[in-house]
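Along the sequence shown, the residues carry numbers beginning at 1.
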Amino acid sequence: MKPQLNWLDDPQVFRVGQIAAHSDHHYYLDYDELAAGTTKWKQSLNGIWKFKYLPNSQKIPSNFYCKDYDYSNFDQIKVPQHIEFAGYDQFQYINIMYGWEGKSQRLPAYTEGQTIPAGSFSKSADNPVGIYIKCFDLNSSLLDRNIRIRFDGVEEAMFVWVNGQFLGYAEDSFTPSEFDLTKYIYSQNNILTVAVFKRSSAAYLEDQDFFQFFGIFRDVTLLAQPKVHVEDLKIQPLVAADLCHASLEVTLKLKGPLNGEKLCFKVIDQHNQLICQQEQAAERTVVCKFKELKRVHLWSNKDPYLYQLVIEVKTKTDHLLELVPYQFGFRRLEIRNKIILLNNKRLILKGVNRHEWSATSGRVLTKADMKKDLKIICRNHINAVRTSHYPDQTFWYYLCDQAGIYLMAETNLESHGSWQNGTSWNVPGSIPQWHDAVLDRARNNYELLKNHPSILFWSLGNESYVGNNLVDMNNYFKAVDPYRLTHYEGTSRDLSYETKISDVTSRMYISPQELKNYLENDPSKPIILCEYMHSMGNSVGGIEEYFTILEHYPLYQGGFIWDFIDQAIAVKDPLTGQMVLRYGGDFDDRPSDYEFSGDGLLFADRREKPAMQEVRGLYGKN
């Protein structure tokens, strides 16, 4: 398998050598590790790496990935970190346009009668690349085991080598990319090389309203596996219509040679009482069913009750090989008489859209940042978050499970710039060559996050118009998960797709009168405002009108304010020496959408704006 630069140009090449997406479960050696919350089977590669910034692929040195390559003249960079925050390239904020507009001419592959534009990204002068090199020894606890590496987030396209051996290629910036290192790794003196390109054909699908960064911006981790390993876990709790009885189905996929191993499944409540237990023989795929569970405690925003599932993988002589815990919740979500019900009560979303953001590190968030966000959300009576417009760090979903925050889990898809002036070169649309890339993004989103009770909606993405590829994304989510709802706003652009995509009608920024007109004309679906009350400047004052409608029209079920936090960057003012917040356009970035990055209920340093008082008052009353 040899890497090819022209993969950057081809939307049909988006993953090479990657391990298939799977659940985000943790695993431990024993109960002592579980109690400590750490495991010897993980080794972080975060920290200082060697780094070389290059303006384009023509400047890449030959054989840079070889084990004997001399990288002594490389700079250093912190991982995780955006390359721009390390002082390279340029900060650039874009809402709709693509970052190259006005500077170079591009059209997506397979539009306007063309096939793949040769060298569109692979040979372009405006596609910078960062070469990362990390030297490491394996921790002793990882020796003689299967080893993989996980990149939790890399923007936007990356090639990976270890000890001169090519491992693979990945796009989809906001879901993990894993590669198997077992054949090529040494106990000492390993050299990991990663080439990250700012742009590829994936750029057409990642045109979100944000600062355009690139680089390794989430954790990098080595993962060792026991002899028999739980590769994937699916937890399916089902609550009966009486809201008292329930069943639980747990499906495992095992990896490794099987020789009489067995599995023990335990369900434990919050009082540490064992609710039920079952033991089964280990097979490649194992399905464990608990039926007729009585008087289950339901999960909701007001009462986010979680049970603990514990899976023991044991030898036939009862030696523990692996321990897998996962917290889950019982809840019943359905649409009845065109109204969304959660646990037989009308669902009301008092939500916000939330980008991952820090004024000092961009989309590189710490756990402390996320905990602070959650504290602010709960204090202001916000009960729902749309993960605009990509999957977040997985830690965020665990926090929302525990706090009872309802999530709209957005797939990493936005192609706004491809249809802003018409639809003649819109992607993904109905173009066959873009189909698999967006289906892969839907699959990554689902497989990673499928066990979180906080997720009520799978969202296909944002502002990508419509087309048959989105129909297939919707069908995929409904096939693998009929117990959650699907969401997509783009059907409002072409109503012929209204019956084919999304369980709900979704709109952005419609007036209260427009909303009432919809509700008074026998709508076919409940309606959610996935974005409303654009919180820029002196805004949010009219929100009370929407709450009046919420009280009188059951099919209106709330929405998500745009948005939670400003995207601004803290810099030292050269005149005053004070730290100040700078927005789009303040970095000589062109094209730019300027101060449009400042539309949050919080300033970028997490100070609450006056608008939050209005939100807190209304969200808290209803």
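Between N383 and K302, every side-chain heavy-atom pair lies at or beyond the 4.5 Å cut-off. Contact check for V313 versus Y27: no side-chain heavy atoms found under the 4.5 Å cut-off. When side chains are defined from C-beta on, M158 counts as touching V196, because their heavy atoms get closer than 4.5 Å. Here the side chains of Y398 and H26 are in contact, with some heavy-atom distance below 4.5 Å. Contact check for Y305 versus V296: no side-chain heavy atoms found under the 4.5 Å cut-off.
Remark: the Q18 side chain and the S177 side chain contain an N/O donor-acceptor pair separated by less than 3.5 Å. A donor atom on one side chain and an acceptor atom on the other are found under 3.5 Å apart for Y31 and E312. A donor and an acceptor atom, one from each side chain of E156 and S173, are nowhere located under 3.5 Å apart. No hydrogens or angles considered: nothing links the side chains of N139 and S141 as a donor-acceptor pair under 3.5 Å. Between the side chains of H355 and Q208, no donor N or O sits under 3.5 Å from an acceptor N or O. In summary, the side chains of D75 and Y88 do present a donor paired with an acceptor at a separation below 3.5 Å, with no hydrogens or angles considered. Residues H297 and D303 have side chains that bring a donor and an acceptor to within less than 3.5 angstrom of each other. When only modelled atom types and interatomic distance are considered, N445 and T411 share a side-chain donor-acceptor pair under 3.5 Å.
A salt bridge links R148 with E231: the closest approach of a Lys/Arg side-chain nitrogen to an acidic carboxylate oxygen falls below 4.0 angstrom. Salt bridge annotation for D172-R443: absent, with no cationic side-chain nitrogen under 4.0 angstrom from a carboxylate oxygen. Ion pairing of D373 with R606 is present here, as a side-chain N (NZ or NE/NH1/NH2) and a carboxylate O approach within less than 4.0 Å. Taking the charged nitrogens against the carboxylate oxygens, K262 and D318 do have a contact shorter than 4.0 Å, which makes a salt bridge. Ion pairing between a basic and an acidic side chain is recognised when a charged N comes within 4.0 Å of a carboxylate O; E206 and R441 show such pairing.
Heavy-atom contacts from other residues, nucleotides or ligands closer than 6.0 Å to NZ of K78 number 12 or fewer. Atom CG of D144 has 12 or fewer neighbouring heavy atoms from other residues, nucleotides or ligands inside a 6.0 Å radius. The number of heavy-atom neighbours closer than 6.0 Å to NZ of K255, taken from other residues, nucleotides and ligands shown, is above 12. For Y65, the OH atom counts as loosely surrounded, since its 6.0 Å shell holds 12 or fewer non-hydrogen atoms of other residues, nucleotides or ligands.
Put simply, CD1 on I235 and CG on L252 are 9.0 Å apart, with the number rounded to the nearest 0.5 Å. Atom-to-atom distance recorded for L407:CG and R386:CZ is 12.5 Å, nearest 0.5 angstrom.
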Side chain to side chain contact (heavy atoms under 4.5 Å, CB included) evaluation trace for L258 with V228: CA-CA 7 Å; L258 298 178; V228 177; 3.8 Å; yes
Chi angles and distances behind the side chain to side chain contact (heavy atoms under 4.5 Å, CB included) call for L238, E249: CA-CA 8 Å; L238 294 178; E249 182 173 296; over 6 Å; no
Residues K198, E84; criterion salt bridge (charged side-chain N to carboxylate O under 4.0 Å, His left out); working and verdict: CA-CA 11 Å; K198 186 163 188 173; E84 293 81 356; 3.1 Å; yes
Trace of the side chain to side chain contact (heavy atoms under 4.5 Å, CB included) decision for F395 with D219: CA-CA 12 Å; F395 184 69; D219 293 343; over 6 Å; no
Check against side chain to side chain contact (heavy atoms under 4.5 Å, CB included), I77 and Y53: CA-CA 10 Å; I77 195 170; Y53 172 84; over 6 Å; no
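E261 places a side-chain N or O within donor-acceptor distance of the main-chain N or O of N259, the cut-off being under 3.5 Å. Under a 3.5 Å cut-off, the side chain of N46 and the backbone N or O of V220 do form a donor-acceptor pair. A donor-acceptor contact shorter than 3.5 Å is absent between the side chain of D89 and the backbone of P128. With N380 contributing its side chain and I382 its backbone, the two residues share no donor-acceptor pair below 3.5 Å.
When the options F328, Y326, W458, W299 are evaluated for a ring-ring contact (aromatic ring centres under 6.0 Å, His included) with H452, the one that passes is Y326. Among K450, K234, E178, the single residue meeting the side chain to side chain donor-acceptor pair (under 3.5 Å) criterion with H22 is E178. Applying side-chain contact (heavy atoms from CB on, under 4.5 Å) to I185 and the options I147, L143, I149 leaves one that passes, I147. Just one of D369, D563, D392 meets the salt bridge (charged side-chain N to carboxylate O under 4.0 Å, His left out) condition when paired with R354; it is D392. The one candidate from V230, T285, D232 that meets the side-chain contact (heavy atoms from CB on, under 4.5 Å) condition with L254 is V230.
A cation-pi geometry, defined here as NZ or CZ lying under 6.0 Å from the six-membered ring centre and within 45° of its normal, does not hold between K50 and Y71. Remark: R484 fails to qualify as a cation-pi partner of F477 under the 6.0 Å distance and 45° angle criteria applied to the six-membered ring. R363 forms no cation-pi arrangement with F213, by the criterion of a distance under 6.0 Å to the ring centre and an angle within 45° of the ring axis.
Contact record, A604 with A568: CB-O, 3.5 Å, taken as the closest heavy-atom pair. Of all the heavy atoms in P304 and D401, the pair that sits closest is CB-O, 3.7 Å. Of all the heavy atoms in Q308 and P325, the pair that sits closest is NE2-CB, 4.0 Å. Contact detail for Q43 and D137: the closest heavy-atom pair is NE2-O, 2.9 Å.
Under the side chain to side chain donor-acceptor pair (under 3.5 Å) criterion, S187 pairs with no residue, sequence neighbours left out.
F197 has its ring centre less than 6.0 Å from the ring centre of F159. Ring to ring, F166 and F179 are not that close: their centroids are 6.0 angstrom or more apart. For F564 and W357, the ring centers are positioned 6.0 Å apart or more. The ring of F560 has its center no closer than 6.0 angstrom to the ring center of H487.
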